[in-house]
There are 2 protein chains.
Amino acid sequence: MKKLTIKDIAKEFNVSISTVSKALNDSYEISESTKEKIQKYAKEKNYKPNFNALSLKNRSTKTIGVILPTMLNYFFAQVFKGIEKTALKEGYKVITCISNQSYDKEQEIIEMLSNGSIDGFLLSTAKETELNNKYDHFKDSIDNGTPIVMFDRVAQSIICDKVITDDFEGAANTVEFLYKKGHKKIAFISTISDLQIGKQRLQGYKQGLEKVGLSFDENLVLNIIEKDYKKYKNKVRPFIKSNDIDAVITTGESVAVSTMKALKKSGKKIPKDVAVIAFSNGILARHSSPKMTTISQHGEIMGETAAQILINKLEKKHTEITTKIIKTDLVIRDSTR
Amino acid sequence: MKKLTIKDIAKEFNVSISTVSKALNDSYEISESTKEKIQKYAKEKNYKPNFNALSLKNRSTKTIGVILPTMLNYFFAQVFKGIEKTALKEGYKVITCISNQSYDKEQEIIEMLSNGSIDGFLLSTAKETELNNKYDHFKDSIDNGTPIVMFDRVAQSIICDKVITDDFEGAANTVEFLYKKGHKKIAFISTISDLQIGKQRLQGYKQGLEKVGLSFDENLVLNIIEKDYKKYKNKVRPFIKSNDIDAVITTGESVAVSTMKALKKSGKKIPKDVAVIAFSNGILARHSSPKMTTISQHGEIMGETAAQILINKLEKKHTEITTKIIKTDLVIRDSTR
DNA sequence: GTGAAAGCGCTAACAG
DNA sequence: CTGTTAGCGCTTTCAC
């Protein structure tokens, strides 16, 4: 029942605990024969050095704290997958907490884990945190020697490693793609106009228009503040009716689905009359009809990258501060020609 | 930089470390004045007792190990949400690992965490584990004093606390519901016929038929082994063509979407000609057209329940072994009349 | 080649 | 009311 300790093994062979410790760590100080028998015994009995004792001694837990705004989102679930995979590969465990987009929760989590539970944080900021521009909790953590790597939703004002999606380029390239297909009246529908990434996407959209020589028309931009996806249609329908558009870029899948429904309802064919492209994590896009062309985000790679950066930092493999940009890919399905 | 310890505080006030320890724990042995100044100082300096030292001393980590087959699945993400919420509420942290449906991975994870990292496991078995009926790693863990609570995909042969969905009743009630709406030719499409929960759902379907007096026709059951959802339609279309059905129950959302597409393609109206109901986690169902009626699974409640059972067990609040069944709910949307 | 002892940060029994 | 000490499980320096 009780777990086997170095002490028990020492007793078993009538040697000191330091001999056992050294034998298990294959020290040159210990004779081959002693090492062999001790190692064999330890293996047989499935001995494992106690995690907390090691952490205490080494002042390092080989554990990463992950803070996500939510897990009920395919993108973040993918990021998590990448983090977990990379962490495990590198011998790290992952303590995962959900901020639920709340600043208070986020800061409680940081407090809770700042007691030697973890070696560093991997996080995407809560919406509330971003809206209120309250980043002191991050700063405190870094100042206290617990490094942070931020991903996707990052805090501009905090100096730390970051991994972000290429939202700007993604949007710009999409406009260009649509233009080349002959689209001239390209709308932009955003449900995250208040977030930094939303602003980036809008900027990219504008940049794309400029590049191909289309003029920006603010009537072709719809910002939906409403957070309940069921109500998207109340905004989308009139928007579509009152504008003569031939393409739509949306910031998410859910609103793209609403948009496609609204388009169909108003007698438009997709993609014949109107093309639809969404920033997307993939799950709805692949099941919609028609299947959606998406600006695909590579959450898993983002997670892997962020985890690797943090681990390298923890193991002092590099110390400079970087911002890594993960490219988006246009995945062409059936909602574009 | 370096974290404040009890020792530092002791030095600050020229008292012993035990005085500090007791003061911080509000011991009756310490004078009010001493307690006050020490507590005040600790608070100011944001002192936090070292997690690893505490765990080592108490032989308890207040940490739960969670093993999920995948996180890229709305249901499991919901379960995770429930676990995380309950754990945090009870002062527990959560180390989360993904088995990716692999037995080897699952058992590595258990090995890795069985060194005093965690107090207990919360897990849903990997598919491979279930198919091969290899459950020794679970048994070992329990025998070694690390309790396990299983949820959703549980191992019949392992004696431990379990939380499961009411798959049997869910399917049976659905048949009854359809029958009352006038459906007589009710098909059953499964993509998990090899899993225990799949068998339960099929049994429930049969039970439902029996109850309402319809005879079981094995031609109305389609088992899809193919795991790529893109290929579902290859099986679903001929199945639909060769059978004259007026309702379909599926084991998942994804295949329900394929089924609805196939039905529409063959000229059937949903729900007028054929009703569709899926066991579901909700995300696709809410965005399909028509919106899908579902046998809804309450992942979050399952997670909360499982976590609470484990924590109660760890804190010795109860010791008997239970299996808790979470009811399903029929959520009626537009794919049924 | 092996062992004694200190120390990681904390608690608690015991002494004063 | 405060302090000394042992001990949680392990590593590591220093003796022998």
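Naming: A, B, ... by sequence-line order, numbering from 1 per chain.
Taken over five-pair windows at either terminus, the axes of the helix from C:dG1-D:dC16 to C:dG16-D:dC1 are inclined to one another by 60° (rounded to 10 degrees).
A ring pair (Phe, Tyr, Trp, His ring centres under 6.0 Å) check over residues 299-323 of chain A, counting only residues at least two apart or in different chains, returns nothing. Applying the salt bridge (charged side-chain N to carboxylate O under 4.0 Å, His left out) test to residues at least two apart or on different chains, the pairs with a partner in residues 86-108 of chain A are A:Lys105-B:Glu84. Among residues at least two apart or in separate chains, there is no ring pair (Phe, Tyr, Trp, His ring centres under 6.0 Å) pair with a member in residues 43-63 of chain A. Within the structure, the salt bridge (charged side-chain N to carboxylate O under 4.0 Å, His left out) test picks out the following pairs touching residues 17-30 of chain B (sequence neighbours left out): B:Lys22-B:Glu29, B:Asp26-B:Lys35. A salt bridge (charged side-chain N to carboxylate O under 4.0 Å, His left out) check over residues 60-75 of chain A, counting only residues at least two apart or in different chains, returns the pairs A:Lys62-A:Glu315. The stretch residues 65-79 of chain B participates, sequence neighbours left out, in no salt bridge (charged side-chain N to carboxylate O under 4.0 Å, His left out) pair at all.
The side chain to side chain contact (heavy atoms under 4.5 Å, CB included) search around B:Asn281 returns B:Asn73, B:Tyr74, B:Phe75, B:Gln78, B:Glu253, B:Gln297, not counting sequence neighbours. For A:His298, the ring pair (Phe, Tyr, Trp, His ring centres under 6.0 Å) test picks out no residue, with sequence neighbours left out.
Of all nucleotides in DNA chain C having an atom under 4.0 Å from a heavy atom of chain B, the first and last in 5' to 3' order are C:dC8 to C:dC14.
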Using atom types as modelled, flag every donor-acceptor pair under 3.5 Å from a side chain in residues 299-307 of chain A to any protein atom, sequence neighbours excluded.
{"residue": "A:Glu300", "atom": "OE2", "partner": "A:Lys85", "partner atom": "NZ", "Å": "3.3"}
{"residue": "A:Glu304", "atom": "OE2", "partner": "A:Lys85", "partner atom": "NZ", "Å": "2.9"}
{"residue": "A:Thr305", "atom": "OG1", "partner": "A:Ile301", "partner atom": "O", "Å": "2.6"}

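As judged by a 4.0 angstrom heavy-atom cut-off over every strand, B:Ser55 is placed among residues making no nucleic acid contact.
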Discussion item. Can you build the contact string for nucleotides 7-14 of chain D? Use B for base contact, S for sugar-phosphate-only contact, and - for no protein heavy atom under 4.0 Å.
Written reply: BBBBBBBB
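Atoms NZ (B:Lys37) and P (D:dC1) sit 13 Å apart, rounded to a whole Å.
Using a cut-off of 4.0 Å between Lys/Arg side-chain N and Asp/Glu carboxylate O, B:Asp194 and B:Lys127 are scored as salt-bridged.
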